[in-house]
Undergrad: 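Would you mind keeping the following structure in view while I ask a few things?
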Amino acid sequence: MTKHILIVGGGIGGTMTANHLVTKLYPEIQRGKVTVTLLSNSPWHYFKPAFMYVAFNSFYLDELRRKQRTLLRPEVEFVIDEVQHFDFSANRLECSSGKHYGYDYLVVATGCVPAPERIEGLPEAGDHFYQYQPARRLAEKLMSIEKGRIFITVNFPKTHNVPHQCGIAPIETTLMVDELMRQRGVRNQVEIVYTYPTVAQLLRNCLFLQEETCEVLPSIFEDRGIHYQRGFTLAQVDPDRRIAYSEEGREEEFDILMGTPPIRAVNAVLNSGASQAADNEGWLPTDHETMKVYGLDNVYVLGDTVDLPISKAGGSCHSQSPVVVNNLAGEIRFGKPVDAYDGRVVAIAQMGLENGMPLWYDYEVDVKPTPPNKLGGLMRKGFNRGVYWSVARGLV
Ligand SMILES: Cc1cc2nc3c(=O)[nH]c(=O)nc-3n(C[C@H](O)[C@H](O)[C@H](O)COP(=O)(O)OP(=O)(O)OC[C@H]3O[C@@H](n4cnc5c(N)ncnc54)[C@H](O)[C@@H]3O)c2cc1C
């Protein structure tokens, strides 16, 4: 009997997985024993990290997206529709078109969404770079500020030991802001303040979510005249007075409030009943090794929707996707999962406008920070402008 694998979400996690599945299960697909469908609510695939560059006017809309169909192997059926309801007990999805889609195996790769509305005053007064339009608005402010205070905040999910999206992004963008202000000749009139919440995953009173990186950050910031504060957990914002209030009782003025906003899973996952995450954040309970959703034997999850303690990053999807694929192939060929995820994340951090720093870590070993350099910056540019699309196609 034909086994049908249905992947939901046309981001980096879903796209890589669809393409890798065809490579892995090619004999079965050719014989009609396996079919692979990718269902997404958009005809477009967005290279999301580019939104960060949009905030610095260095990436444009047509460069950062491609038609989803062009990224998929021809053997993958592509459906544009939006899941409204996951009916796990019946192995089917209900979509906004009114159609239902069944499956033997399901892969959830629906990502996460910014939720600034979870902090009072933040939608009105705050700016972020995690989506295209907000990043465009931030770019206008960063390009026009002549003097004042840029105040940077980072919000973690309330779910224990789950990080925000792309752990390094707040540092990357702080260094980019510093360089941009220098390029614009206004750095002496603009104060930059980087803050970090009291609780950052398992750490307390740090500047980053991993210890060794925390230790090198003060000298990096001091060299550039960037001020920093530990223990600032954003609680509320007064848009009229332009004041950010912290849970720890501090009040800070700002001209631009640039933040990593709260995040949550998409509505269909939030409402699926499969998550017990804190504050209705919706992360799916994920087996750290198999990448299966606990309690749902034929459902896998990867990317930003997991509740794992590792970065919500494309560099995580890159390591998770082959595990999901091997385990699906294992189930189809041998009746059981055969591979285990070790928590590996690989990325190149953008350190300022031109420099880069390759980084990797896993469940056991933290990032070892190395001096950022131009070669790293070149690797990051190469990834941003081209290699990413080969990664999505499952070629790299
Ligand atoms: C500004 C920024 C900078 C970043 N920088 C880096 C970086 O330097 N390095 C790095 O590795 N990562 C970085 N990331 C993180 C990275 O982009 C994400 O971790 C990655 O995109 C997650 O992939 P995903 O497939 O889980 O989700 P997504 O890429 O978000 O894809 C989700 C897909 O699901 C679809 N979808 C959602 N809901 C439904 C529904 N109900 N029905 C059907 N389809 C649905 C969406 O349309 C989308 O196609 C950054 C992210 C941002 C925003």
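Excluded from the calculations below are hydrogen atoms, water molecules and symmetry mates; all remaining heavy atoms, backbone and side chain alike, are included. All figures in this text were calculated on a predicted structure; none of them were measured in a lab. Both ligands and their constituent atoms are indexed starting at 1 by order of listing.
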Undergrad: Classify the ring geometry between Phe86 and Phe88 as parallel (under 30°), tilted (30 to 60°) or perpendicular (over 60°).
TA: parallel
Undergrad: What is the nearest protein non-hydrogen atom to atom 4 (C) of ligand 1, stated with its residue, atom name and distance?
TA: Pro49 CA, 3.5 Å
Undergrad: Assess, by modelled atom type and distance only, whether the side chains of Glu75 and Gln30 contain a donor and an acceptor separated by less than 3.5 Å.
TA: no
Undergrad: Please could you name the atoms of ligand 1 that Gly13 approaches to less than 4.0 Å, counting only its heavy atoms?
TA: 25 (O)
Undergrad: Quiz question: by atom type and distance under 3.5 Å, do the side chains of Glu248 and Thr233 form a donor-acceptor pair?
TA: yes
Undergrad: Any atom of ligand 1 sitting under 4.0 Å from a heavy atom of Asp81?
TA: yes
Undergrad: Just distances here: any N/O of Gly315 and N/O of ligand 1 closer than 3.5 Å?
TA: yes
Undergrad: If you measure every N/O of Asp304 against every N/O of ligand 1, is any gap under 3.5 Å?
TA: yes
Undergrad: Using a 4.0 Å heavy-atom cut-off, which part of Tyr46 comes near ligand 1: side chain, backbone, both, or neither?
TA: neither
Undergrad: What residues form a side-chain contact (heavy atoms from CB on, under 4.5 Å) with Asn41, not counting sequence neighbours?
TA: Glu82
Undergrad: Taking both backbone and side-chain atoms of Asn41, is any N or O found less than 3.5 Å from an N or O belonging to ligand 1?
TA: yes
Undergrad: Starting from atom 23 (O) of ligand 1, locate the nearest protein heavy atom and write down its residue, its atom name and how far away it is, to 0.1 Å.
TA: Ile12 CG2, 3.3 Å
Undergrad: Nearest 0.5 angstrom please: Glu179 CD to Met351 CE, how far?
TA: 11.0 Å
Undergrad: Can you list the ligand 1 atoms lying under 4.0 Å from a non-hydrogen atom of Gly111?
TA: 26 (O), 27 (O), 30 (O), 32 (C)
Undergrad: My understanding is that only residues two or more places apart in sequence, or in another chain, count here; which of them pass side-chain contact (heavy atoms from CB on, under 4.5 Å) with Asp81?
TA: Leu39, Val79, Cys95, Ser96, Ser97, Lys99, Tyr101
Undergrad: For Ala169 and ligand 1, does the shortest N/O to N/O distance drop below 3.5 Å?
TA: no
Undergrad: Using 4.0 Å as the upper bound for N to carboxylate O, is an ion pair formed by Lys368 and Glu212?
TA: yes
Undergrad: Do side-chain atoms of Thr260 reach the backbone of Val154 as a donor and acceptor pair under 3.5 angstrom?
TA: no
Undergrad: Would Glu253 and Arg241 pass as an ion pair if we require N to O under 4.0 Å?
TA: no
Undergrad: Could you say whether the N/O atoms of Ser40 and ligand 1 ever approach to under 3.5 Å?
TA: yes
Undergrad: Using a 4.0 Å heavy-atom cut-off, which part of Val266 comes near ligand 1: side chain, backbone, both, or neither?
TA: side chain
Undergrad: Is there any N or O on Lys48 that sits under 3.5 Å from an N or O of ligand 1?
TA: yes
Undergrad: For the pair Arg242 and Asp255, find out whether any cationic side-chain nitrogen is under 4.0 Å from an anionic carboxylate oxygen.
TA: no
Undergrad: What's the spacing between Arg92 CZ and His85 NE2 if we round to 0.5 Å?
TA: 8.5 Å
Undergrad: Just to confirm my output: which protein heavy-atom neighbour is closest to atom 31 (O) of ligand 1, and how far is it?
TA: Gly11 CA, 3.2 Å
Undergrad: Tell me the nearest of Gln350, Arg380, Lys312, His45 to atom 15 (C) of ligand 1, using heavy-atom distances.
TA: Lys312
Undergrad: Taking distance alone, with no angle check, do Gly10 and ligand 1 share an N/O pair under 3.5 Å?
TA: yes
Undergrad: Nearest 0.5 Å, please: how far is CG in Leu93 from CG in Leu106?
TA: 6.0 Å
Undergrad: Flag the pair Arg137 and Asp127 as a salt bridge only when some basic side-chain nitrogen lies within less than 4.0 angstrom of an acidic carboxylate oxygen.
TA: no
Undergrad: Pull out every atom of ligand 1 sitting under 4.0 Å from any heavy atom of Val8, numbered as shown with elements.
TA: 43 (C)
Undergrad: As an exercise, identify every atom of ligand 1 less than 4.0 angstrom from a heavy atom of Ala313.
TA: 10 (C), 11 (O), 12 (N), 15 (C), 19 (O)
Undergrad: Using a 4.0 Å cut-off to any heavy atom of Met52, which atoms of ligand 1 qualify?
TA: 1 (C)
Undergrad: Applying a heavy-atom cut-off of 4.0 Å, say which part of Gln165 lies close to ligand 1: side chain, backbone, both or neither.
TA: side chain
Undergrad: Check ligand 1 against Gly303 and write out every atom of the ligand that is under 4.0 Å from a heavy-atom position of the residue.
TA: 26 (O)
Undergrad: Out of Val83, Val345, Val54, who gets a non-hydrogen atom closest to atom 42 (N) of ligand 1?
TA: Val83
Undergrad: Considering only heavy atoms of Cys166, which atoms of ligand 1 have at least one such atom less than 4.0 Å away?
TA: 4 (C), 5 (N), 6 (C), 7 (C), 8 (O), 13 (C), 14 (N), 50 (C)
Undergrad: Specify whether Phe221 and Tyr194 have parallel, tilted or perpendicular ring planes, treating 30° as the upper limit for parallel and 60° as the lower limit for perpendicular.
TA: tilted
Undergrad: In terms of side-chain heavy atoms, does Glu331 have a donor or acceptor partner in Tyr300 at a distance below 3.5 Å?
TA: yes
Undergrad: Tell me which one of Ser96, Gly314, Gly167 gets a heavy atom nearest to atom 10 (C) of ligand 1.
TA: Gly314
Undergrad: By number and element, which atoms of ligand 1 are closer than 4.0 Å to a non-hydrogen atom of Glu82?
TA: 40 (C), 41 (N), 42 (N)
